[in-house]
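Note that these values count all heavy atoms, side chains included, but never hydrogens, waters or copies made by symmetry. Lettering of chains follows the sequences in order, A, B, ..., and the numbering in each one begins at 1.
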Amino acid sequence: MAQAVLVMVSVAFIAFMLFQYVGDPVVFLLGQDATPEQIRNLRADLGLDQPVVVQFWHFLVNAAQGEFGISLRQGAKVSRLIAERLPATVELAMVAAVLALLLGIPMGVYAALKRGTFVSQLLMTVSLLGVSLPTFLIGILLILVFAVNLGWFPSFGRGDVVQLGWWSSGLLTAKGWHHIVLPALTLAIFQLTLIMRLVRAEMLEVLRTDYIKFARARGLTNRAVHFGHALKNTLVPVMTITGLQLGGLIAFAIITETVFQWPGMGLLFIQAVTFADVPVMAAYLCLIALIFVVINLVVDLLYFAVDPRLRIERAGAH
Amino acid sequence: MSLLQVKNLVVEFPGRRGTLRALDDVSFDIAPGEILGVVGESGAGKSLTGASIIGLLEPPGRIAGGEILLEGRRIDDLPFAELRKVRGRQIGAIFQDPLTSLNPLYTVGRQLTETIRTHLPVGQAEARERAIQLLRDTGIPAAEQRIDHHPHQFSGGMRQRVVIALALAAEPKLIVADEPTTALDVSIQAQIITLLKRICRERGAAVMLITHDMGVIAETCDRVAVMYAGRVAEIGPVHDVIHRPAHPYTAGLMACIPDMTQDRERLHQIDGAMPRLNAIPAGCAFHPRCDRAFDRCHAQRPDLMPAGTTRAACWLHAGTTGGAS
Amino acid sequence: MVAALIAFACVFCAAFAPWVAPHNPFDLATLELSDARLPPAWMEGGNPAFLLGTEDQGRDILSALMYGARISLAVGLTSVALSVLIGVVLGLLAGFLGGWVDAFLMRLCDVMLSFPPILVALLIAGVGRALFPNSQDELAFGVLVLAITLTGWVQYARTVRGSTLVERNKEYVQAARVTGVPPLRIMRRHVLPNVMGPVLVLATIQVATAIIIEATLSFLGVGAPITAPSLGTLIRVGNDYLFSGEWWITVFPGAMLVLIALSVNLLGDWLRDALNPKLR
Amino acid sequence: MSDTTSAQALVRAIDLAKTFDVSAPWLNRVLERRPRQLLRAVDGVSFDIQRGQTLALVGESGCGKSTVARLLVGLYAPTRGGFQFDGQDAHAAFRTPQGRQLRRRIQMIFQDPYASLNPRWRVQDIVAEPLVEHGLLSGGGELRERVGELLQSVGLSPLDAAKFPHQFSGGQRQRISIARALATHPEFLVCDEPTSALDVSVQAQVLNIMKDLQRQQGLTYLFISHNLAVVRHVSDQVGVMYLGRLVELADKHTLFDSPRHPYTRMLLDAIPKIHDTGRARTPVQGEVPNPLDPPAGCAFNPRCPHANERCRVERPVLLDFGGARVACHAVEEGRISG
Amino acid sequence: QTVRIGNQGDALSMDPHSLNESLQLSVTGNVYEGLVARDKDLRLVPALATSWKQTSPTVWRFELRKGVKFHDGKPFTADDVLFSFARAAGEGSDMQSYTNDFKQVRKVGDSAIEIETKTPFPILPDLLALVYIMSKPWAEENQATRPVDRRKGIENAASFRSNGTGPYRLRERQPNVKTSFVRNGSYWGKIEGNVVNVEYTPIGNDATRVAALLSGQVDVIEPVPLQDVARINASGKSKVLQGPELRTIFLGMDQKRDELLYSNVKGKNPFKDKRVRQAFYQAIDINTIQRVVMRGASKPTALMVGPGINGFDAAMNTRLPYDPDAARKLLADAGYPNGFEVGMNCPNDRYVNDGDICQAVAANLAKIGVKVNLQAETKGTYFPKILKRDTSFYLLGWTPGTYDSHNALNALMRCVDDKGSGQFNLGSYCNPKVDELTLKIQSETDKPKRDAMIKEAFKLHADDVGHLPLHQQALAWGVASNVQLVQLADNFMPFRFMSVK
Ligand SMILES: Nc1ncnc2c1ncn2[C@@H]1O[C@H](COP(=O)(O)OP(=O)(O)OP(=O)(O)O)[C@@H](O)[C@H]1O
Ligand SMILES: Nc1ncnc2c1ncn2[C@@H]1O[C@H](COP(=O)(O)OP(=O)(O)OP(=O)(O)O)[C@@H](O)[C@H]1O
Ligand SMILES: [Mg+2]
Ligand SMILES: [Mg+2]
């Protein structure tokens, strides 16, 4: 926990330092005919004339109380803005992650088991495409093909959402699912490739181990060997990377959300960057850091669940 | 009739720089209930022989010639599904490292019952019963509890017992044990070998025991095969091979072993090293290191021929029966 | 094999762009706006002088590809080289010295990791531009490279630390210590060469990733200068013309990017083999 | 063993001890309320080695043999006790600039011939490293010549200097390690299981070279192995270790002819005898205890057929019994005859 | 009948006084109304005031419309007007520039008000079209008597809800996601269109927006990227409505510093030399830019204001000819036969194809030997930089918020002081005569006289080549075939003119 807090504070501080250079929010807060005096007043009002350190201190004090201050651009509490946007991003990232895992793992397993066959080589080559095309291009192409030309999926937005308390979910309506397909796919492609390649590499590694050889020697069926023994052992390292990548998913969501006008945090962040909305940016980064920390924690726990070697030994085994 | 017959087995590794012949014309057989030791220098092809028998040659390795028969039935060209049924059911295997031979994520019980149920038509409960019994037989105390433990919770010696239990789970007729004790402690080694010997005798299983340790061979085996550079150099009853080796290599090997009973200032040594597989000299592969080599050894490759009580691949014995192939 | 040839041809063209390209797309004086958006030569309305057509300022796509790939490669390679340098040095230190150095560096990695790469790049690029206003092109590249570098080194540091922890306990390192070789020299001469394998593999993938990050930064408006378009910039520009049918502005650079990624990967495989003494 | 000679002993280990902290990281420990865990890898080991002699250490895996070796070459600093080399405190010296001189005189040969040579270096550079490091030689030609000599002295060809380690067999690699160790003209060689990874035939080659070198150069060896036959062949004195302690230390012949400690007997009994084919043995039951949680009293008591109440509470110390030093209550009480 | 609109941006708030920005005012203008309004040709027409007249040089009197009700049913009164003007002039409001010159606002009976200005103010009614009237009781009930207090982040009801008198009511507001409106059944006037529901969605990404229109997810998009005009027109399901916009795009040059910040010319400032400025002017091939970069959707201009702005004079709108040779000669005469190097700043996401225009200009200038180091960047960093006057050569666009030339003269062409004159005169062009004229224009009430003065000021500026006017960009809205609407030159999009077939 201490470490998590430390990480987050440093993230906030670095973020804050950097943001001072990103732009001047005041320019956008007033219309073109505002007088210099108005501008000066506003600057003072917002506390932007104070030294950065003082501003950071205020930010920290607020943050400690769960408040991230007030969006300069929107004049609303940052915490509220983020809370509004969080569900969209989380749902998108989750669906993308599930998609990446559901497709990536079987493809990786296939490529490993059928190493050297045409299909698996094709998979590997095509997967290179997945990592060497920018997300935004993929997104636009998907829109062009599936939304404009074929008209199968909508091109933007979240569709209908259902409010569950403060959480707005698009996953409870048919329209919501309809809308999430393209963005989730876009977001998933990069991770999918990565997971596939990773699973393949790990699987090949595991298939070389003695216990696989021994399992074969015991005459177990191929299915039991590949899926019961090899795959599960493959997943242990895959889990860590996937955990880390989930953080990356949320980052890449910035692009995806921009392309698909997905009303999530990434879009909020990009808008904040455009208008130098420091509190929103800082809060976003802190939140990302938090998510990262949490994911790491969850991965550790999962590790624990999957790998018995890590469980605390009770009842003296030795 | 012998349980296992290996006839003129050839194993090759096709590679970029030509094909490597790792096993060349290996023949031997094992009778039911018999323990055959296989010794030889590292890289001589002991493991490959074992792997060929259970059909687990790693690609690109392949059997390029000869045949392997189990109870008179050819098993080296079986389709995968058939072969799978032979493995574990007819032939069990034990590998060198007990830690890495067990899947760390599953309890030993699961691995045992899985194996049992793959081969025998029994239910989950009965399989578990059998598994516990197996563990008990292999000398694991409190088997009822230990069956639900994970491999990492066992010590090295116990893991090797579990491995033995796994190899025996479907009551195979033959066990291929590839250096089952090399990774273990000196004191545990003896326990495991004794166990293996006892349990196979009780169940009437034959064993092919691959090892470096002549001591183990001497104590355990009925017959022994000495391998050198992908071929069997000598094969015969264990006592005879050790005390009256017919092949100079066997003799050299025996002499290399430091003796517990007498002091020697220098050990006997075989100069030079075993040739690499891609540079096996013509004639007898051992001739560059052999101090008794003569012309024929440089030119012609000897096959196994009777040499007293054993059979040896050495021209020195060509005269004894007066026939060379 | 054919793929390798094509790929290396691309890289060759990129490296020697000024000598092989038919036009100089960076020289504004040679641009004719009236040549803008011509389709590839083989299509109707195409001009044989512009084999792959022109982009929206009248640049020859073929030449722009070569020059752009040159920039992208330069950005990709330098930033990866720099991140490898930083990452390897820090990873080695962390792994070899252990203790608080390790703890500190790994926390630093955590902090860096919790910034998604695009974000860091975005911020650095913003900061860089603010600090060097009206920077010359070279400075802009500096900023880009820095941005990508700072996001990239963490992976190397982690990988290297991991392998260092393994290598450190190998007997050849201990042999050197017994001999009395000072730790820094052990690190440099013994450990370093033996941990570079995974680093190289990672680096080859990262070159492509770096080029994509550069392209994405362009998309977000903080990429390479538009007067000297990189591949990423070209893709981003072309992106706007996807719906209007001027596909060649984005498709060719995209294909080039894929080819580069491919060839860099092949290069990586080859390098790995070449550096492995066992295969020599 | 007489105390008069020990004054001139080249190597003296005095109550050497090494404790490792194997606790979980601080945070985890606090969270999971686990205590600090200490592992006493070596716990008070004393011995002398005379110049030109070989002391062998035997014992099961994990009993602390390698740790002793590393303590002697300065890879670890002792937690307690010390080590005198040629009359001077070696560990104090390792820390001073003169320590380099000492490092030149003490070298080590490792167990694994595959891991102890840097795979990316040529043999020339591997063997030359100590020479360069100690500033003994520098010029390219001279260096090459010396490396050639060294390689020849271990039975390799000077032409091999241009090759990479992977081009050699295990035995040849071990010879390269020996050549490297010999480069600086050391007086004391610590050999940590130098032949365990090798075949009997190759093992014979390596052991012969080691013995030849000892004869020619008057080298002193600490030889670690668990193969008693090998130990019997190379050593002058043998120390038997169990769980970080010496349980028996005796002259080779004394030890092999009349082992006293039950553990020593067990070890000797565990050696398969090549000449008694088909003999059935009843090996001692039980397994090596967890060093993190050693049994109270005599560490061997759970496996010892002679253990009694005293063995379970009181730790035996090394005592002299007619030329052998044994740590065993049973021997002390005469329950086991010599 | 529902119309779904996809726009590049979103109104930041529903508060009509919180931001003086055309998009915000365009959106809130459907819910709120001012005393006066503009018709389809941007002429002033009565709205909440039925008539107005100047009763003295400094006093204007407005008769208020009777029988108007706010959306919540409360009647519209003079008090609401007073309240709204006070609110617009007060703290937190961004509309102060419209009310700065007010001295006092008085109630005259229940249905008229008087505004007294500090100085004679000929164009006052023009200013009032965008000062929207709120309900005083509603604001008080909802603690919304002031626009958002940014320091405390207190968003008041007015940010999310609204209560105006306009033709549409706000139904639901999800900032940056969706805002929906519904027709006000009890509107005082006639609503030309037949649209009942309006859904307004911001879609920032150009391609996505176009895709949304093409795939029928929205009915109207604004703006249409120029390159996609043909595609949309060809789709058969929608068309692009193009028309002139009030905004003028121009280039400015630093004419104040003695040495340019970003140039290889040291010790002097080439832009101080009119010949250099003119050389730049004549080097720019505006027609090709219009044809290729703008795809015909722009009007090259010689003036700093466009048609539709008070004081625009078509007769004056003739550019110096494109003539690179003349330009080279001018440069040589000025002492730069080989040209020079200069830095140029440019936004790349603010105006239509702004980055491309700058590149084209840079290419044009390269042909006369001037090497332009172009820095095109996002508006977020661009504006703060140039507003600090940290630039030598820049591109800017301007729409006079008052639809009057004075605004442009004042903001762009007056000498710079710290009170707001020449606030966007970022190159610090300064001609005292223009300054003087601008001051006079501000309070001249006689229209012909005033127009003459505007004309003279523009002439002086043009002769000085104070800026390099480029063009008025065109509006481009994508509209589904079944939707009809009116495109206003100020880029406002009143729902009341929309119809669905
Ligand atoms: N995949 C492979 N490709 C090429 N050669 C191989 C391969 N696997 C084994 N060999 C070669 O086959 C020969 C026999 O190997 P094998 O493993 O049977 O030796 P071994 O007698 O078991 O040695 P050890 O005692 O070290 O286990 C070796 O020389 C080895 O180099
Ligand atoms: N660096 C270390 N950190 C923690 N524990 C260690 C370390 N080195 C050794 N140990 C522990 O100390 C004990 C003694 O180890 P050591 O390597 O000396 O045994 P050994 O007798 O050489 O065994 P082997 O025969 O397997 O080489 C073991 O339990 C080992 O786990
Ligand atoms: Mg083997
Ligand atoms: Mg050891």
*Asks:* A/T221 versus chain B, heavy atoms under 4.5 Å apart: side chain, backbone, both or neither?
*Replies:*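 Contact with chain B: backbone and side chain both.
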*Asks:* Side chains of B/Q111 and A/Y211: does their closest heavy-atom pair fall under 4.5 Å?
*Replies:*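 Sidechains of A/Y211 and B/Q111: no contact.
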*Asks:* Counting heavy-atom pairs under 4.5 Å with chain A, which one of B/K85, B/E114, B/R89 comes out on top?
*Replies:*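 Heavy-atom pairs under 4.5 Å are most numerous for B/E114.
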*Asks:* Do A/F214 and B/N103 come close enough that some side-chain heavy atom pair is under 4.5 Å?
*Replies:*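 A/F214 vs B/N103: side chains apart.
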*Asks:* Among the options B/A93, B/S101, B/G88, pick out the one with the most heavy-atom pairs lying under 4.5 Å from chain A.
*Replies:*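 Most heavy-atom pairs under 4.5 Å with chain A: B/S101.
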*Asks:* Is there a side-chain contact between B/R87 and A/R218, using heavy atoms and a 4.5 Å cut-off?
*Replies:*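 No, side chains not in contact.
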*Asks:* Of all of B/V176, B/L56, B/L166, which one pairs up most often with chain A through heavy atoms under 4.5 Å apart?
*Replies:*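 Among the listed options, the one with the most contacts to chain A is B/L166.
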*Asks:* To the nearest 0.5 Å, what is the distance between NZ on A/K232 and OH on B/Y106?
*Replies:*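 OH of B/Y106 is found 4.5 Å from NZ of A/K232.
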*Asks:* Does CZ in B/R73 sit with more than 12 non-hydrogen atoms of other residues, nucleotides or ligands closer than 6.0 Å?
*Replies:*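 Count not over threshold, so no.
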*Asks:* Is B/T118 close to chain A through its backbone or its side chain, or both, or neither, when contacts mean heavy atoms under 4.5 Å?
*Replies:*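 The side chain, not the backbone.
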*Asks:* Given heavy-atom pairs under 4.5 angstrom as the criterion, report whether the side chain, backbone, both or neither of B/Q145 touches chain A.
*Replies:*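 The answer is neither part of B/Q145.
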*Asks:* When you look at CD of B/E129, are more than 12 heavy atoms from neighbouring residues, nucleotides or ligands closer to it than 6.0 Å?
*Replies:*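 Not more than 12 within 6.0 Å, no.
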*Asks:* Are A/K213 and B/E58 side-chain neighbours, meaning at least one heavy-atom pair lies under 4.5 Å?
*Replies:*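 They are in contact (side-chain heavy atoms under 4.5 Å apart), so the answer is yes.
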*Asks:* What part of B/L83 is in contact with chain A, defined as an atom under 4.5 angstrom from a non-hydrogen atom: side chain, backbone, both or neither?
*Replies:*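 No part of it gets close to chain A.
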*Asks:* What part of B/V163 gets closer than 4.5 Å to chain A, counting heavy atoms only: side chain, backbone, both or neither?
*Replies:*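 Both backbone and side chain.
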*Asks:* With side chains defined as the heavy atoms from C-beta onward, is the minimum distance between A/N233 and B/L105 less than 4.5 Å?
*Replies:*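 Side chain of A/N233 against side chain of B/L105, heavy atoms only: contact under 4.5 Å found.
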*Asks:* Assess whether side-chain contact (heavy atoms from CB on, under 4.5 Å) is satisfied between B/T100 and A/T209, documenting all intermediate values.
*Replies:* CA-CA 7 Å; B/T100 55; A/T209 57; over 6 Å; no
*Asks:* Taking everything shown except B/F80 itself, do over 12 heavy atoms lie less than 6.0 Å from its CZ?
*Replies:*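 Yes, enclosed.
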